[in-house]
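Below is one structure; the comments refer to it alone.
Starting from 1, each residue takes its place in the sequence as its number. Just so you know, ligand 1 is whichever comes first in the structure, and atom 1 is the first atom listed for that ligand.
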Amino acid sequence: MKMKTSKCALKARIVLALGLTMLMTLAMLANLAPPVRAEYRPHPSNIEARRWFQDAKFGLFVHWGTYSVLGDGEWVMNNRKIPIAAYDRLPAQFNPTEFDAKEWVALAKATGMKYITITSKHHDGFAMFDSKVSDWDIIDRTPYKKDVLKMLADECRAAGIKLFFYHSHLDWHHPDYFPRGRTGLDSGRANKGEWSKYLDYMDAQLKELLTNYGEIGGIWFDGWWDRPDADWRLEQTYKLIHDLQPQALVGNNHHRRPFAGEDFQMFEKDLPGKNTAGFSGDSVIGDLPLETCETMNNSWGFNINDRKFKSTRELIHYLVRAAGHNANFLLNVGPMPNGQIQPEFVTQLREMGQWLEKNGEAIYGTRGGPVTPRGWGVTTRKGNTVYVHVLDWADEAIALPRLAQRVKSARYLKDGSKADFIEHEYGLLLKIPSRVIDEHDTIIALELVQ
Ligand code: FHN
């Protein structure tokens, strides 16, 4: 009996010990596991906005700020090692009396663009809007004293154009942007500061942008790469944005796979999956709407001496190839300090608009087509219509791989006439008579059998 009870007691102790060990292990594991991120569930209005974004396909990027006064691009403070004490003189020279928000919006519309993404704050930290949390802004430091983002927001709303705000995480001016990162090391700031204070400041300005300009399209972040190992509190910042405006699309130009809480993914100076410009080496295409951004010459901010203009053909090809890669095209201008967009850009943007007026059906509302991008061109798709974009091909016929669905009919977009094609088990042969060739993009629309 005594033996029996001691055996039971032993068993009970073993079970208890085992139970305790398991509990402790679970607790330990819970500690080890990264904090359970609240799963980001985009609001239905955000999903709808993503669909709008993918249909829109084409936007105007605007890099504009006090740096425009020096006409040497938006990195002039860093590149010329200009300390804050000197750089602080620039805003007094910034007086864009020729700025006309209506004219900018009208140009974007005439170009066939559906949204504008403008720098609310670039790396020099200067706010192109009326900020109550800093006097380093266009109201307090320039003779112009007007909120250009407000003027633009009003005109965009009136014209049915969505407005996005580019916002730099990186800040070469704020004393609490500390520890410093890879850039802005010659600003002359004291070697101290409180990182959390800087992040609070950034969130406070984002709150202003999400509160004072009506409904906005979203936020285009940049500069994370200056301190890739820092704790940027992105989850908190993204939640702030989505709490204030659930439909607002958040994108971050960190050149990595999208982070939780983001709504679209951008690629800089490259089509998704490519890395000719060197920004996308660590990037991985996620499952979010995609966007490629590019300059019209070689500069984002106004550069008085940059004459390396891309041709209108190159720009149209970029837009079409982006669409073939299931991505939007965000094309940049760097306005002059007086507020005008230089004439070379205006001419080319209008030419793109004329082309889109005739060929827009093969771009707007489409997604990347069934035939993946090729040297000769790309395909886009909208419902049961596949658009074959022949960008670079010299022959009178072109062979495509077999499509999953048979082709019911085909037409040349140039004149709407019936297009000749042969469907064979090896693929699809399309005839391209010289009369339908377009100087930029010869498009054949295929109606597929449903
Ligand atoms: O440093 C910026 C640059 O000034 C510009 O804003 C581009 C736009 O995509 N992004 C950064 C360079 O990667």
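Contact annotation for Lys269 and ligand 1: no heavy atom of the residue comes within less than 4.0 Å of the ligand. Within the 4.0 Å heavy-atom criterion, the part of Trp220 lying near ligand 1 is the side chain and not the backbone. Contacts between Asn253 and ligand 1, counted as non-hydrogen atom pairs separated by less than 4.0 Å, involve the side chain only.
Side chains of Phe309 and Gln342 form a contact here, defined as non-hydrogen atoms less than 4.5 Å apart.
Closest protein heavy atom to atom 10 (N) of ligand 1: Asp222 OD2, 2.6 Å. Closest to atom 5 (C) of ligand 1 among all protein heavy atoms lies His63 NE2, 3.4 Å. Distance from atom 13 (O) of ligand 1 to its nearest protein heavy atom, with residue and atom name: Glu268 OE1, 2.7 Å.
By the 6.0 Å and 45° rule, Lys269 stacks over the aromatic ring of Trp300. At least one cation-pi condition fails for Lys310 and Tyr318: the charged atom is not both under 6.0 angstrom from the six-membered ring centre and inside a 45 degree cone around its axis.
Residue contacts with ligand 1 leave out Met266, since none of its heavy atoms falls under 4.0 Å from the ligand.
Set against the non-hydrogen atoms of Cys293, the atoms of ligand 1 under 4.0 Å away are 9 (O). Heavy-atom contacts of Tyr166 reach the following atoms of ligand 1: 6 (O) (cutoff under 4.0 Å). Using a 4.0 Å cut-off to heavy atoms of Trp225, the atoms of ligand 1 that qualify are 1 (O), 11 (C). Listed by atom number, the atoms of ligand 1 under 4.0 Å from Phe279 heavy atoms are 13 (O).
Taking the charged nitrogens against the carboxylate oxygens, Arg233 and Asp231 have no contact shorter than 4.0 Å, which rules out a salt bridge.
If you check each of His255, His123, Glu74 against atom 2 (C) of ligand 1, the one with the closest non-hydrogen atom is His123.
The ring-ring contact (aromatic ring centres under 6.0 Å, His included) test with Tyr115 singles out one residue from Phe164, Phe58, Phe264, Phe61, and that residue is Phe164. Tested against His169 for a ring-ring contact (aromatic ring centres under 6.0 Å, His included), the candidates Trp195, Trp220, Phe221, Tyr198 yield a single pass: Phe221.
Note: Tyr177 and Trp232 have tilted aromatic rings, judged against thresholds of 30 and 60 degrees for the angle between ring planes.
Asn78 and Thr183 form no side-chain donor-acceptor contact under 3.5 Å, judged by distance and modelled atom types alone.
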